[in-house]
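Presented below is the structure to which this report refers.
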Protein chains: 2
Amino acid sequence: MTHQPDPPPAERPERQRLQMADIARIAGVSVATVSRALNGSAEVSAATRQRISELARSLNYTINVGAKNLRLRHNKTVSVVIPYDRRSRQHVSDPFFLAMLGSLADALTDRGFDMLVSRVDADRLELAAQAWDTGTAMGVVLIGQWHRHEQINQMAERGVPLVVWGAQIPVQRYCSVGGDNATGGALATQHLLEQGCQRIVFMGDPDLPEVAQRLRGHRQALAEAERETEPTLELHTPFDANQARADLSRLIESGTGFDAVFACSDVLAMAVVQVLRAHGKEVPRDVAVVGYDDIEWASHAYPPLTTVRQPVSVAGIEIVDALLAIVAGEVVPPRTLPVELVVRRSSLR
Amino acid sequence: MTHQPDPPPAERPERQRLQMADIARIAGVSVATVSRALNGSAEVSAATRQRISELARSLNYTINVGAKNLRLRHNKTVSVVIPYDRRSRQHVSDPFFLAMLGSLADALTDRGFDMLVSRVDADRLELAAQAWDTGTAMGVVLIGQWHRHEQINQMAERGVPLVVWGAQIPVQRYCSVGGDNATGGALATQHLLEQGCQRIVFMGDPDLPEVAQRLRGHRQALAEAERETEPTLELHTPFDANQARADLSRLIESGTGFDAVFACSDVLAMAVVQVLRAHGKEVPRDVAVVGYDDIEWASHAYPPLTTVRQPVSVAGIEIVDALLAIVAGEVVPPRTLPVELVVRRSSLR
DNA sequence: CTGAAAGCGCTAACAA
DNA sequence: TTGTTAGCGCTTTCAG
């Protein structure tokens, strides 16, 4: 994706790289034969194939992928886009997103694809398609849909092969893969209720589809236990630890009582624990805390964090497979992956 | 980087994408003119340039980057490689590496470059050059040199434009950018000595050049304070939290006394705090702890972690600029960036 | 089994 | 100012 006028072409004494023609000349065959040999075509004699492969290897020659792609009119790279919030730029530092990135990298590498990574302003999500528009990538993976559902729909309608990590939403014309957020929310709240918690704070920004679904699960669990939902206890905090600290401090200082917090990410939950501690409240004795994601250090936090585990490594595979299917022309329905409550000390009373 | 025999070309009813010829036909000019217009050449009349740009935009046409690159014989993508240890695969989950990735992404995006991300087995580091060999990327950034100094030298000698985040090493034929590890190590240890610590455990694998330099700084600080270095207190723990827990537990159980730990990453430090706590030791009262990196949550840990801050965001810029200079044919000397001790509660007695 | 030749989508001399 | 033309490095009919 070229975002600027090209700089001067950096013309240095052009390093002379070998090309197929060189190999052909040295081997005393035509480039066609070299091409066939190097691509393992059956219609070249085993002997020459062997000979040419060895020659190429010994000369450290590799096929130029750009030229190959141009000729073949396809390519093997996938663009992975991490939207960021212009104000905070925060969430790319969220370990969860980065874990997803790692998972995608593995899945793509295993299948022989390259991964192009870029960050785009969430307010300009159309740019996510750029790598596809320019023919740089065969498809794009969007990590998180934010509040840009409509823009994503438009991209998909424009024909961009697209898979989004996020929630499944009613009028959705693209393929999403995501955790079962409603269940996740319900599991967390049920668990807190079972621990005898009476007043549970929900922390998360329901503007984001995934969070909205978790909130729905949360409320449902309350309803099933015949508890009222209290708007005061619903903190619409975005995925931003600083905001989490501010919001929770305000709540505490307002004198509102509560004995549990269900935060929509582990990062938020850690911030919550920190604030509680600063206010002299002990976790889990005074306030039980549950997070979301189960990132690496949730288990190493103090206290170890109860959380809803998202299936990150299978997610990478699911996303990549879905994208490949879409590129192959299939219609792939959205997919919801199971989540699981991991109980640790932070919520045990 | 194609790592496998190509799968069947996914031949679906080829989505008909516009090309320059289409725009030319519609606009009633030649492709040359379109090319010039779209590239902002001054030798096309402002009027046609305007007209063609608008036509292209309205038709949602974008120049095919692959074809352009082939013709121009260069490209604007940089390959960023994160080596991984085959056994643990751990360190890609290290927030520090991921922060570096983010920093590089920003620096590259700002300059209009694409970022190709891949993970390679540290034991097969030659593969890091693949994206360059195949012409996919104009250069490569290696995050961490591990114990593969020689292989990296060979890549550089082979002509691969290369910048490595890591230590500066005597016989080095490639460009490295890294923090001032010796100073970092010294700062940490001096600080612990000032806090009155008597027996400081050093945790880190000196097989890695960066760690070796931190160890040197550590020893130097001890020497300046006229303390002996005690081999028993030097734990050769790799960047792996589990290993850290195991190693420190063993040390404690061996009955060796100590009142401080200097760990070579924040992740290790957090593991250390956890183990100490499990053994009934309080941080910092019984044992002071200092980490390295100053990743996001070091300040939110419990207790907040004293650590040596690495200049991640400037590092991304330095690395990218160095790589671009190298691609432009310059000889770029290795660069060492200043580090800084950030004192927090974990080390205050 | 191998080679000659056309062309993937674009840019840049060179001509007009 | 604009068009014509020759490739960039490769794959693949189509002939031999």
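Naming: A, B, ... by sequence-line order, numbering from 1 per chain.
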Ion pair check, [X] and [Y], cut-off under 4.0 Å:
X	Y	value
A:D114	A:K76	no
B:D133	A:R17	no
A:E150	A:R148	no

side-chain N/O [X] vs [N] OP1/OP2, d < 4.0 Å:
X	N	answer
A:Y61	D:dC10	yes
A:R71	C:dG7	no
B:N64	C:dC8	no

Does A:R36 make a side-chain donor-acceptor contact with the base of C:dG3, cut-off 3.5 Å?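 By the distance-only test, yes, there is a pair.
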Does the side chain of B:Y174 come under 3.5 Å of the side chain of B:E157 through a donor N or O and an acceptor N or O?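 No, because no side-chain N or O of B:Y174 sits under 3.5 Å from a partner of the opposite role on B:E157.
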Where along residues 40-52 of chain B does a heavy atom come under 4.0 Å from DNA chain C, residue by residue in number order?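 Within residues 40-52 of chain B, no residue comes under 4.0 Å of DNA chain C.
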Here's one to test your reading of the geometry: is the NZ or CZ of A:R158 within 45 degrees of the ring axis of A:W132 and under 6.0 Å from its centre?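 That pair does not qualify as a cation-pi contact.
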Separation of [N] [atom2] from [X] [atom1] (nearest whole Å):
X	N	atom1	atom2	value
A:N75	D:dT11	CG	P	15 Å
B:M138	D:dC8	CE	P	21 Å
B:R25	C:dC10	CZ	P	13 Å
A:N69	D:dT12	CG	P	12 Å
A:K68	C:dG9	NZ	P	18 Å
A:I23	D:dG9	CD1	P	13 Å
A:L72	D:dT13	CG	C1'	14 Å
B:H74	C:dT11	NE2	P	10 Å

Between B:F96 and B:W165, how do the two ring planes meet: parallel, tilted or perpendicular, split at 30° and 60°?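 Because their plane-to-plane angle lies in the 30° to 60° range, the rings of B:F96 and B:W165 count as tilted.
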Below 4.0 angstrom, which residues in residues 26-35 of chain A have at least one non-hydrogen atom near DNA chain D?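 Within residues 26-35 of chain A, the residues near DNA chain D are A:A32, A:S35.
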Do A:L38 and A:Y61 come within less than 4.5 Å of each other through their side chains, counting heavy atoms only?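 Touching, per the 4.5 Å side-chain cut-off.
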Can you see which heavy atom on B:Q172 is nearest to which on B:P334, and at what distance?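 Shortest heavy-atom separation between B:Q172 and B:P334 comes out as NE2-CG, 3.4 Å.
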Please enumerate all residues that pass salt bridge (charged side-chain N to carboxylate O under 4.0 Å, His left out) together with B:E330, with sequence neighbours excluded.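 Scan of B:E330 (salt bridge (charged side-chain N to carboxylate O under 4.0 Å, His left out), adjacent residues dropped) gives none.
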